[in-house]
Amino acid sequence: MFSVIIVNHNLTNNIIESVKSVLSFISENEYEIIIVDNNSSQGEKKSLTNALGNNTHVKISFLDSNKGFGYGNNFGIAKASGDILFLLNPDTLITSNIFKDVKEMIERFPEISVLGPKIYNENKIQEKSIGIFPNLFLEFLNIFFLNKIFEKRYFNKKVKENEAEFLEVDWVTGSAIFIRKSIFESIGGFDTNFFMYSEEIDLCKRIKDTGG
């Protein structure tokens, strides 16, 4: 079963549309949606409850302070019962049945711990959603402001290789990421010292270090 985890902060309108897009492509007995609200305004909280609170497949938790992306996901995942986690940004829409594809991949390849789908912007242009782990070479390029150029070329090369069934990369973006729950729990989840940004890179690195 999939546990879809969405961390929200004052993006109620977006999250309602995001949930609708999930429901368009997943069977009723295959999912639960766990929304963790990072202390949105009272109006946002009320709108969220009114829109989704009656759906038996949706669980909503309201935190009393905004402790960041990693903490919110850890909190939601602790309540998850699915064996496959899908961490989804509240402003991201699902446009195809990636659940079917991911389930097949997970079943066929038990060595896969993390999967990331292609991500497109509103103009249907594929966005950068993968990357290389930080290293001394990238730090050297950063001195001369060349690291972004190198990473863009790396991404464009991988995009051209997308005819392959799947690609092995260092990390995938946390805006839409599938993770085996058993692997997530084995490494202790997200490092909450990261409030926002780079926590998925750290997570993927720790998973890879375990052989995942």
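Keep in mind the model is a prediction, meaning the values are calculated, not measured.
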Chemist: Restricting to salt bridge (charged side-chain N to carboxylate O under 4.0 Å, His left out), what partner residues turn up for Lys100, sequence neighbours left out?
Modeler: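 Lys100 satisfies salt bridge (charged side-chain N to carboxylate O under 4.0 Å, His left out) with Glu104 once adjacent residues are dropped.
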
Chemist: Taking salt bridge (charged side-chain N to carboxylate O under 4.0 Å, His left out) as the test, write out the residues that go with Arg206, two or more places apart.
Modeler: Asp202

Chemist: Run the side-chain contact (heavy atoms from CB on, under 4.5 Å) test against Ile26 and tell me which residues pass, sequence neighbours left out.
Modeler: Phe2, Val22, Glu30, Tyr31, Phe99

Chemist: Among all residues two or more places apart in sequence or in another chain, which pass the salt bridge (charged side-chain N to carboxylate O under 4.0 Å, His left out) test with Lys205?
Modeler: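 If we apply the salt bridge (charged side-chain N to carboxylate O under 4.0 Å, His left out) test to Lys205, skipping adjacent residues, the hits are Asp209.
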
Chemist: Could you work out, with side-chain contact (heavy atoms from CB on, under 4.5 Å) as the rule, every residue matching Asn10, not counting sequence neighbours?
Modeler: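 Asn10 satisfies side-chain contact (heavy atoms from CB on, under 4.5 Å) with Ser40, Ser41, Glu44 only.
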
Chemist: Restricting to side-chain contact (heavy atoms from CB on, under 4.5 Å), what partner residues turn up for Asn123, sequence neighbours left out?
Modeler: Asn121, Ile125

Chemist: For the backbone of Val7 and the side chain of Asn38, can you confirm whether one donor and one acceptor N or O come within less than 3.5 Å of each other?
Modeler: no

Chemist: Could you work out, with salt bridge (charged side-chain N to carboxylate O under 4.0 Å, His left out) as the rule, every residue matching Glu107, not counting sequence neighbours?
Modeler: none

Chemist: Keeping Lys181 on the side-chain end and Ala80 on the backbone end, is there a donor-acceptor pair under 3.5 Å?
Modeler: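 Present.
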
Chemist: Measuring from Asn39:CG to Lys45:NZ, what's the distance to the nearest 0.5 Å?
Modeler: 4.5 Å

Chemist: Can you run down the side chain to side chain donor-acceptor pair (under 3.5 Å) pairs that involve residues 85-98, sequence neighbours left out, and say none if there aren't any?
Modeler: none

Chemist: side-chain contact (heavy atoms from CB on, under 4.5 Å) with Pro90: which residues, sequence neighbours excluded?
Modeler: Ile6, Asn8, Leu11, Ile15

Chemist: Suppose the criterion is salt bridge (charged side-chain N to carboxylate O under 4.0 Å, His left out): which pairs have a residue in residues 1-21, not counting sequence neighbours?
Modeler: Glu17-Lys20

Chemist: With side chain to side chain donor-acceptor pair (under 3.5 Å) as the rule and sequence neighbours excluded, what pairs involving residues 47-62 come up?
Modeler: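 Those involving residues 47-62 are Glu32-Lys59.
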
Chemist: Between Arg180 (side chain only) and Val114 (backbone N and O only), is there a donor and an acceptor less than 3.5 Å apart?
Modeler: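 Checked: no pair found.
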
